[in-house]
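Just below is one structure, and these are the notes that go with it.
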Amino acid sequence: TLEARAIERNVETALGAAAAGDLLVLRLLDGSGFALSQAAEDGYTPLMAAAAGGADGAVSWLLERVNPPLEAADQLGRTAFSHAVAAGHIDIVELLAEAGAYPDAGGSLGRPPILLATHNRDLALLISLFGVGAQAGLADAVNYAMGAGYLAIAELLLTKQAELVS
């Protein structure tokens, strides 16, 4: 229908604006009555787009103005938090965690954030994830880091694992 196509266009516009951090377009859409928590057919939301795109201003604005569901997942089970982790956007990971996002939310292919950060060899992101309380996948991440020869990452993971056991 004509209305469904208009909604689809607005969703696509919102996703693009969110990913680019275009607050003017987001404000215009919001002012027109469009629900900025609306997802595309694949479940992708403006918050996910902003998180994946590294648009921390858009993430902050969406969290404050729209109050979108933090645990909404796309068709692959990824949340805004897991999109931020996959893209390595530490500031956004921390913003979403402060807003109440679950730090162990499954990411791409069901990989927990700690395992994804280990695969990406992102030591700073791992430190941030531990800071917001992520724990799931730690044992798998240790095994992967050891097997891949990521010694600095393996050392950090083993230290965290020892802290959690004691």
What's the shortest heavy-atom distance between [X] and [Y], and which atoms?
X: Leu26; Y: Ala14; value: CD2-O, 3.9 Å
X: Leu116; Y: Ser82; value: CD2-O, 4.5 Å
X: Leu138; Y: Gln161; value: CD2-CA, 3.6 Å
X: Ala49; Y: Ala18; value: CB-CB, 4.2 Å
X: Pro103; Y: Pro113; value: O-CG, 3.4 Å
X: Leu96; Y: Ala51; value: CD1-CB, 4.2 Å

Beyond-backbone contact of [X] with [Y], side-chain heavy atoms, under 4.5 angstrom:
X: Asp56; Y: His89; value: no
X: Asn67; Y: Leu63; value: no
X: Phe81; Y: Leu129; value: yes
X: Pro69; Y: Ser37; value: yes

Are [X] and [Y] connected, step by step, through hydrophobic side chains (Ile, Leu, Val, Met, Phe, Trp, Tyr) whose heavy atoms are closer than 4.5 Å?
X: Leu158; Y: Ile114; value: yes
X: Leu164; Y: Leu157; value: yes
X: Tyr102; Y: Phe130; value: no
X: Leu24; Y: Trp61; value: no

Task: Heavy atoms of other groups near Glu41 CD, more than 12 under 6.0 Å - done: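 No, the 6.0 Å shell around CD holds no more than 12 heavy atoms from other groups.
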
TODO: Flag yes if more than 12 heavy atoms outside Glu71 fall under 6.0 Å of its CD atom; otherwise flag no.
DONE: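 Yes - once you tally the heavy atoms of other residues, nucleotides and ligands closer than 6.0 Å, there are more than 12.
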
TODO: Check for a donor-acceptor pair, side chain of Gln38 on one end and backbone N or O of Thr45 on the other, with a separation under 3.5 Å.
DONE: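 Judged by distance alone, no pair lies under 3.5 Å.
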
Task: Backbone of Gln75 reached by a side-chain donor or acceptor of Asp42 within 3.5 Å - done: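 No.
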
Task: side-chain contact (heavy atoms from CB on, under 4.5 Å) assessment of Leu125 paired with Asn120 - done: CA-CA 9 Å; Leu125 180 57; Asn120 292 341; 5.8 Å; no

- [ ] Report the relative orientation of the aromatic rings in Tyr144 and Tyr150; use parallel for angles under 30°, tilted for 30 to 60°, perpendicular for over 60°.
- [x]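 The rings of Tyr144 and Tyr150 stand perpendicular, inter-plane angle above 60°.
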
Spacing of [X] atom [atom1] and [Y] atom [atom2] [to the nearest 0.5 Å]:
X: Arg27; Y: Ser32; atom1: CZ; atom2: OG; result: 14.5 Å
X: Lys160; Y: Leu126; atom1: NZ; atom2: CG; result: 11.0 Å
X: Arg78; Y: His83; atom1: CZ; atom2: NE2; result: 4.0 Å
X: Leu28; Y: Thr13; atom1: CG; atom2: OG1; result: 11.0 Å
X: Ile153; Y: Met146; atom1: CD1; atom2: CE; result: 13.0 Å
X: Asp104; Y: Gln135; atom1: CG; atom2: CD; result: 6.5 Å

TODO: Show your reasoning for whether side-chain contact (heavy atoms from CB on, under 4.5 Å) applies to Val59 and Leu62.
DONE: CA-CA 5 Å; Val59 169; Leu62 288 165; 5.9 Å; no

- [ ] Take Ser128 and Glu94 through the side-chain hydrogen bond (donor to acceptor under 3.5 Å, both in side chains) test and state the conclusion after the steps.
- [x] CA-CA 7 Å; Ser128 177; Glu94 292 172 354; 2.9 Å; yes

Task: Test side chain to side chain donor-acceptor pair (under 3.5 Å) applied to Arg65 - qualifying residues, sequence neighbours left out - done: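 Side chain to side chain donor-acceptor pair (under 3.5 Å) list for Arg65, sorted by chain: Asp30.
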
Open item on the list: Does anything in residues 119-141 form a salt bridge (Lys or Arg N to Asp or Glu O under 4.0 Å)? List the pairs, not counting sequence neighbours.
Closed with: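 Every pair satisfying salt bridge (Lys or Arg N to Asp or Glu O under 4.0 Å) with a residue in residues 119-141: there are none.
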
TODO: Indicate yes or no: does Glu8 engage Arg5 in a salt bridge with an N to O separation below 4.0 Å.
DONE: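 The answer is no: the pair does not qualify as a salt bridge.
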
Task: Arg9 vs Glu12, side-chain contact (heavy atoms from CB on, under 4.5 Å): CA-CA, chis, key distance, verdict - done: CA-CA 5 Å; Arg9 277 193 306 274; Glu12 292 304 317; 5.8 Å; no

- [ ] Give me the one residue out of Ile92, Leu70, Leu36 that meets side-chain contact (heavy atoms from CB on, under 4.5 Å) with Leu47.
- [x]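 So the option named by the test is Leu70.
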
